[in-house]
Amino acid sequence: MVVACTRDCYDTCVFDENYKPLKLFPVNGFACSRGNDDLRRNSVNRVREAYVDGKEVSLEEAMRVIVSKVKDVKKRDSTRILQISYDGSQGLLTWYYPSRLWNVLGASSTDYSLCSAEGHASIAARYGTSFGATPEEFVKYDSVIFWGIEAAVSFVHGWTLFKDKYKVTIDVRKGITASRSDEFFLVRPGSDLLVALWIARKLLSKGYGGEVEGVDELKRTAFGLDPSYVSGATGLSLESLDRLASIYEERRPLTVIGFAMGRTFNGGDAVGMISLLPALLGMKRGFFYANSQGLGIDFAYLRGTKIAPPRKVIGMADIGERVDEVDFAFVWNNNPVHSLPNSNRIVEAVEEGKLFLVVHDPFWSETAKVANVVLPAPTFLEKWDVIYSYWHTYLVYNTPVATQKGITEWDLMYKLADQLGVTHPLLEESLEDAINGALRATGVTLEKLRKEGMVKLNPTHVYRPRVGPLPELVDPPKGRVLVFSSHPLYTNSQFKEVHGVPEPVALTNDLEGEGYIQSRYGRVKVKFRKDPAIPSNVVYMHKSCLIDLDGTPINALFGSYKGKYGGTPTFNGLEVSVYVLTSS
Ligand SMILES: Nc1nc2c(c(=O)[nH]1)N[C@H]1C(S)=C(S)[C@@H](COP(=O)(O)OP(=O)(O)OC[C@H]3O[C@@H](n4cnc5c(=O)[nH]c(N)nc54)[C@H](O)[C@@H]3O)O[C@H]1N2
Ligand SMILES: Nc1nc2c(c(=O)[nH]1)N[C@H]1C(S)=C(S)[C@@H](COP(=O)(O)OP(=O)(O)OC[C@H]3O[C@@H](n4cnc5c(=O)[nH]c(N)nc54)[C@H](O)[C@@H]3O)O[C@H]1N2
Ligand SMILES: [Mo]
């Protein structure tokens, strides 16, 4: 019997029934601070009852309100209903399966682009799939390049596997990963494509690249680069750029590409080009980005989108801007006020009575706090589910270890369907059949998972690398840009229960005191702290900072600017101006 930490994290740790981390590779008997905090967090800040307009009501009453609203909006235009979910829990039943109801109803859907779609799509354009190295393959390398990833914080188990190995970091600031690496290359934000192209040029000029289809076109782009432009734009001397190429040639490192890279300026092209570097050297799948899309799990089957495709898609980058197109939003497993661009517009639409917002969450998230209806959800410690990892290849049958509070996502879906009077084969398929249908290509059944607790998948992929779409050479941002990274104590907006609401602190190398960050979309008030390690062109914040000093979401700074491959909002590299109000 095992429990999986179902949160949005590379590691997806697995615990025994006493909630001790398994000694099994790659969990290796330890968890991060969040994994260690989970049991005590489980009883704090919980949504315990249902609420309508801030008043406690019975679940039945809350559902009556939802049903009447949905019927009303659906009569006019079902696409004015929007379902919003993301990766608060990585359970197949918690996250994916409940979409069926909204797809059957003809509601609008998001594009699930928030975190990593940009990189997935760009790598898939070169390899057919974004599936890269597995943990078992990580340990075969004796060196690693952490490219745009604060791995020592965001990917603790992956980082630990390289403890005694040669580590190189490429980042726009000297973070923990960079400080603990053998070599560090400080690049200008959004210039990674040029760095990667320079390395490619060096390797191509030495005759590498023969196995990669379309390499002649890449040569034209790479050999056409002006060395002084590349050096100026990236902030790296030609010696440093050449040094990186030699590291690739001599050490043949694994390249770990951060999700953060897909959210940078021109990040899609950068991720694609970086992922190709090992292929130029003939290293088969010598990169890692995220393996979720190559496990063989049929997520579309779970969501029912093959049979009932969403009638309309509003990209996650665009929801704030297009909030006028929505009258009713149903949110679960996501905290949009924290995480979506332009989220202040979502809050305003609710406050103005233009948007009716329903949130199903175990905790009082920032979004639950402003919602019209709030419903209590069990945490992953309180319900069974099937969990996958985007790094290792174990599928886990999660067994509850605490008494259930609230209503599961699937029971809520069945009840709402029943009260709405909708019937559809997608809503009649049993949970077991839905899981087995989604796992068909993996050869694993729910029965086997239940019996064994966890089962290792062995996905196979054809390896035929190609250059794919040629990258666009655009100038990186020139001014100060905003950059985010993971906080060691929080996962996105989670863990305020243990550590409090993170202060809106922004690090720069010169400012101290309260002041504003201003972008072309909005303005937020923060506390500036001086940190000499931050380059003068960077404003750095933890991505768990949610709300500014005046109560405005930090994401008021963002608009619908997004990547061209997967539509991921560009959270890193937005040009901002900063100014201090009072000195302290
Ligand atoms: N502790 C903890 N772990 C987490 C999470 C968490 O919230 N807390 N979140 C999880 C989730 S949802 C995700 S997506 C992953 C994110 O994990 P990562 O991919 O590691 O992303 P970040 O931690 O956001 O930041 C990575 C680094 O990118 C750098 N960076 C920013 N812009 C650029 C650029 O233009 N070029 C280069 N080279 N570097 C740049 C930042 O300075 C930062 O050091 O981590 C997961 N793990
Ligand atoms: N400014 C800025 N914004 C960003 C980023 C950034 O770097 N900068 N990063 C982006 C990234 S990488 C990501 S992944 C997103 C993350 O954004 P979110 O998806 O909003 O992240 P989480 O805090 O993980 O929130 C998920 C919500 O799911 C709830 N939840 C957890 N378990 C369950 C469950 O079992 N059932 C239900 N119903 N709910 C559950 C949690 O309580 C929480 O309220 O934010 C993005 N937004
Ligand atoms: Mo993410």
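Reckoned from all heavy atoms, side chains included, excluding hydrogens, waters and symmetry mates. Position 1 is the first residue of the sequence; numbering continues from there. The structure presented is a predicted model; accordingly, all values stated were derived computationally and were not measured.
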Between [X] (side chain) and [Y] (backbone), is there a donor-acceptor pair under 3.5 Å?
X	Y	answer
Q404	G406	yes
N372	L357	yes
T367	V337	yes
H499	Y490	no
N333	S89	yes
D548	T552	yes
T264	M261	yes
T393	K456	no
D11	C13	no
N555	S339	yes

What pair of heavy atoms forms the shortest contact from [X] to [Y], and how long is it?
X	Y	result
F15	P21	CD2-N, 3.6 Å
P488	R34	O-NE, 3.5 Å
P362	P378	CG-O, 3.8 Å
V153	S486	CG1-O, 3.4 Å
H360	F330	CB-CZ, 4.3 Å

Given [X], which partner from the list [options] fulfils the side-chain contact (heavy atoms from CB on, under 4.5 Å) test?
X	options	result
T110	N334, I319, I314	I319
S113	D318, V313, T568	T568
L439	L395, L295, L302, D298	L395

Do the ring centers of [X] and [Y] come within less than 6.0 Å of each other?
X	Y	result
Y390	H392	no
F30	H157	yes
Y388	F299	yes
Y289	H120	yes

Atom [atom1] of [X]: over 12 foreign heavy atoms under 6.0 Å:
X	atom1	value
E352	CD	yes
K527	NZ	no
K415	NZ	no
K448	NZ	no

For residues [X] and [Y], determine if any side-chain heavy atom of one lies less than 4.5 Å from a side-chain heavy atom of the other.
X	Y	answer
L340	I346	yes
I547	I554	no
V526	E514	no
C5	T12	no
R303	N103	yes
V358	L375	yes
V2	D16	no
F259	Y10	yes

Item to check | Intermediate values then yes/no, salt bridge (Lys or Arg N to Asp or Glu O under 4.0 Å), E348 and R345 | outcome: CA-CA 5 Å; E348 282 156 23; R345 302 213 28 202; 5.0 Å; no
So is [X] actually on top of [Y]'s ring, under 6.0 Å and inside 45° of the axis?
X	Y	result
R41	F495	yes
R100	Y414	no
R520	Y561	yes
R46	F363	yes
R263	F571	no
R48	W364	no

Checklist entry - Which of these passes salt bridge (Lys or Arg N to Asp or Glu O under 4.0 Å) with R7: D87, D38, D37? => result D38
Checklist entry - Per the salt bridge (Lys or Arg N to Asp or Glu O under 4.0 Å) rule, which among K69, R76, K74, K75 passes with D327? => result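 Looking at K69, R76, K74, K75, the match for D327 under the salt bridge (Lys or Arg N to Asp or Glu O under 4.0 Å) is R76.
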salt_bridge([X], [Y]) N-O dist < 4.0 Å:
X	Y	result
E503	R529	yes
E366	K496	yes
R450	E432	yes

Checklist entry - Hey, mind stepping through E118 and K564 against salt bridge (Lys or Arg N to Asp or Glu O under 4.0 Å) and telling me if it holds? => result CA-CA 7 Å; E118 186 69 10; K564 65 182 177 192; over 6 Å; no
Item to check | Stepwise side-chain hydrogen bond (donor to acceptor under 3.5 Å, both in side chains) check, N436 with T445 | outcome: CA-CA 6 Å; N436 285 332; T445 61; 5.0 Å; no
Next on the checklist: Pair F155, W391 - check ring-ring contact (aromatic ring centres under 6.0 Å, His included), show working.
Outcome noted: CA-CA 10 Å; F155 188 9; W391 177 42; 4.9 Å; yes
Checklist outcome for this item: Result for side chain to side chain donor-acceptor pair (under 3.5 Å) between S85 and one of W95, W102, W332, Y96 points to W95
Checklist entry - What residue among T94, T6, N398 forms side chain to side chain donor-acceptor pair (under 3.5 Å) with D385? => result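 The passing option is T94.
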Item to check | side-chain hydrogen bond (donor to acceptor under 3.5 Å, both in side chains) between R311 and S78, intermediate numbers included | outcome: CA-CA 8 Å; R311 296 263 307 277; S78 64; 3.1 Å; yes
For the residue pair [Y] / [X], report whether a side-chain donor-acceptor contact shorter than 3.5 Å exists.
X	Y	answer
S99	Q83	yes
S33	N36	no
E382	N42	yes

Checklist entry - Roughly how far apart are L431 CG and W410 CH2, rounded to 0.5 Å? => result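 Between atom CG of L431 and atom CH2 of W410 there are 7.0 Å.
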Item to check | Step-by-step side-chain contact (heavy atoms from CB on, under 4.5 Å) determination, S343 to H338 | outcome: CA-CA 7 Å; S343 52; H338 162 64; over 6 Å; no
